[in-house]
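No hydrogens, no waters, no symmetry mates; every other heavy atom, side chains included, goes into these values. In this text the structure is predicted, and so the values were computed from the model without any measurement.
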Amino acid sequence: MRRVLLIGKTGQLGGEIFKIAPSFGCEIIAPDSKEFNVIDPEGVQNKVKAISPDWVINTSAYNATTKAEEEVQAAFSLNFGAVRSMAKICQALGIKFVTYSTDYVFDGTKGVPYVEADCPNPLQVYGMSKLAGEYAALNYYPEGSYVIRTCGLYGGKIGSPVKGNVVLNFLKEAKNNAAIKVSSEQIASPTYAGDLAEASLKLIKINAPAGIYHLINEGHCSWYEFAKEVLRLAGINTKIIPVDRVGQSGGIRRPKFSVLANAKAKKLGIVLRPWQEGLKSYVEFLKEEKVI
């Protein structure tokens, strides 16, 4: 049985990993943020040594994309500094290290899905901080770091403690307004946290080679198309108005076509289901939890 230290169990991805890891032969140790402060390198080292895991999975992150423009130090502290510390500690102790990144490391100008080897070019502080974290993990511990990029992540009853998630935000806005406006020019691969958790644990189970992986629900859509499907599944008839925001919203530049291609994991037999099926499962979960 693999012994896994999970960081960020209260988040939408961490919560899903915590829930299903035992079925993948993992013993999960998941301290809360009060017990495990990721920006305290000495504390992290002591905790990791005491727990002595085979793997560390880091799902903690600064993910307030718009606030990052003003909170630059906070964004880099979590997305770069903490990742660098964990990678160095895991390297010294011979522990495999998994951390997560984003489609926002790309500028969205390629026009076709990005593969793992494509050159990043982030457009905003958030993307820069996540890319810095990627470089930290892969340079300090290339032989044992797994950087998993994903896109438009959603899951959990409340989503991210900081900003909810795109599905919950669409539902809230639709309930409170006669019509909502949604970006029609931004194309992405929205990904259900439950599916990402399962795919991540499959990588661990097969002891895949270290490196960068793109794990997303298959297919892609505009946020307008995604919003239409969210409200259809939820049985809400609010009007949705497509808006071309020219790749900007919330005061930051966003990649217009940030679709990721699962090239590497697919060769290992790991493929997530289509985004429509992932979304359907999530909406059914929200109905069961009486969120909808």
Does one hydrophobic cluster hold both [X] and [Y], with members joined at side-chain heavy-atom distances below 4.5 Å?
X	Y	value
Phe170	Val243	no
Leu153	Val291	no
Leu6	Leu203	yes
Tyr154	Leu171	yes
Val44	Ile95	yes

Handout entry: Step-by-step side chain to side chain donor-acceptor pair (under 3.5 Å) determination, Tyr104 to Arg254
Key = CA-CA 7 Å; Tyr104 272 42; Arg254 301 176 187 267; 3.1 Å; yes
Going from [atom1] on [X] to [atom2] on [Y], what distance comes out if it is rounded to the nearest 0.5 angstrom?
X	Y	atom1	atom2	value
Gln91	Asn139	CD	CG	12.5 Å
Met1	Cys26	CE	SG	8.0 Å
Leu215	Thr191	CG	OG1	8.5 Å

Looking only at heavy atoms, which two atoms of [X] and [Y] are closest? And how far apart?
X	Y	result
Tyr192	Ser281	CE2-CB, 4.1 Å
Val125	Ala75	CG1-CB, 4.5 Å
Glu116	His214	OE2-N, 3.0 Å
Ile7	Met86	CD1-SD, 3.3 Å
Ala174	Ile236	CB-CG2, 4.1 Å
Pro255	Phe106	CB-O, 3.6 Å

Problem - Test: Arg232 and Glu229 ion pair at under 4.0 Å - result: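 Judged by the 4.0 Å cut-off on N to carboxylate O distance, Arg232 and Glu229 do form a salt bridge.
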Problem - Sidechain N-carboxylate O distance under 4.0 Å for Lys287, Glu284 - result: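 Here Lys287 does not pair with Glu284 in a salt bridge, since their nearest N and O are not under 4.0 Å apart.
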Problem - side chain to side chain donor-acceptor pair (under 3.5 Å) assessment of Glu198 paired with Ser200 - result: CA-CA 5 Å; Glu198 182 178 346; Ser200 300; over 6 Å; no
Handout entry: ring pair (Phe, Tyr, Trp, His ring centres under 6.0 Å) involving Tyr100 - partner list, sequence neighbours excluded
Key =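 Testing Tyr100 for ring pair (Phe, Tyr, Trp, His ring centres under 6.0 Å), a comparison that skips the adjacent residues, returns none.
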Practice task
Would you check if the distance from the ring center of Phe76 to the ring center of Tyr126 is below 6.0 Å?
Solution key: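 Ring centroids of Phe76 and Tyr126 are no less than 6.0 Å from each other.
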Problem - Phe97-Tyr146 aromatic ring centre distance below 6.0 Å - result: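 No, the ring of Phe97 stays outside the 6.0 Å limit from the ring of Tyr146, centre to centre.
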Under the 3.5 angstrom rule, does the side chain of [X] hit a backbone N or O of [Y] as a donor-acceptor pair?
X	Y	value
Ser52	Val48	no
Asp54	Arg3	yes
Asn262	Ile270	yes
Ser145	Pro142	no
Tyr114	Gly108	yes
Arg2	Lys205	yes
Asn177	Ala179	no
Gln12	Gly159	no

Under 3.5 Å, is there a donor-acceptor pair linking the side chains of [X] and [Y]?
X	Y	value
Asn169	Lys163	no
Glu71	Tyr62	yes
Asn165	Tyr282	yes
Ser101	Glu134	yes

Handout entry: Ser258: which of Thr102, Asp107, Asp103 passes side chain to side chain donor-acceptor pair (under 3.5 Å)
Key =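 Checked Thr102, Asp107, Asp103 against Ser258; only one passes side chain to side chain donor-acceptor pair (under 3.5 Å): Asp103.
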Practice task
Test Asp118 against Lys110 for salt bridge (Lys or Arg N to Asp or Glu O under 4.0 Å), laying out the working first.
Solution key: CA-CA 9 Å; Asp118 281 329; Lys110 184 183 178 184; 2.5 Å; yes
Handout entry: Residue Gln73 excluded, over 12 heavy atoms near CD under 6.0 Å
Key =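 Not buried by this count: 12 neighbours or fewer within 6.0 Å.
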Exercise for the section: For Asn237, look at atom CG and say whether over 12 heavy atoms of other residues, nucleotides or ligands are found less than 6.0 Å away. Expected result: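 Open: at most 12 neighbouring heavy atoms sit under 6.0 Å from CG of Asn237.
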Exercise for the section: In sequence, state the C-alpha distance, the side-chain angles, and the governing distance for Glu185 and Lys256, and then conclude on salt bridge (Lys or Arg N to Asp or Glu O under 4.0 Å). Expected result: CA-CA 6 Å; Glu185 88 285 3; Lys256 284 189 177 182; over 6 Å; no
Practice task
Take Asn207 and Lys96 through the side chain to side chain donor-acceptor pair (under 3.5 Å) test and state the conclusion after the steps.
Solution key: CA-CA 10 Å; Asn207 200 27; Lys96 298 291 182 69; 3.0 Å; yes
Exercise for the section: Kindly indicate whether the side chain of Lys88, heavy atoms from C-beta on, has any atom under 4.5 Å from the side chain of Tyr141. Expected result: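 Of all side-chain heavy-atom pairs linking Tyr141 with Lys88, none is under 4.5 Å.
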Problem - Charged tip of Lys264 within 45° of Tyr213 ring normal and under 6.0 Å - result: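 Yes.
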Exercise for the section: May I ask you to decide if the ring planes of Trp223 and Phe226 are parallel, tilted or perpendicular, using 30° and 60° as cut-offs? Expected result: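 Plane angle over 60°, so perpendicular.
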Practice task
Decide side-chain contact (heavy atoms from CB on, under 4.5 Å) for Thr59 and Ile17; before the verdict, give the C-alpha distance in whole Å, the side-chain angles of both, and the deciding distance to 0.1 Å.
Solution key: CA-CA 9 Å; Thr59 66; Ile17 292 174; 3.9 Å; yes
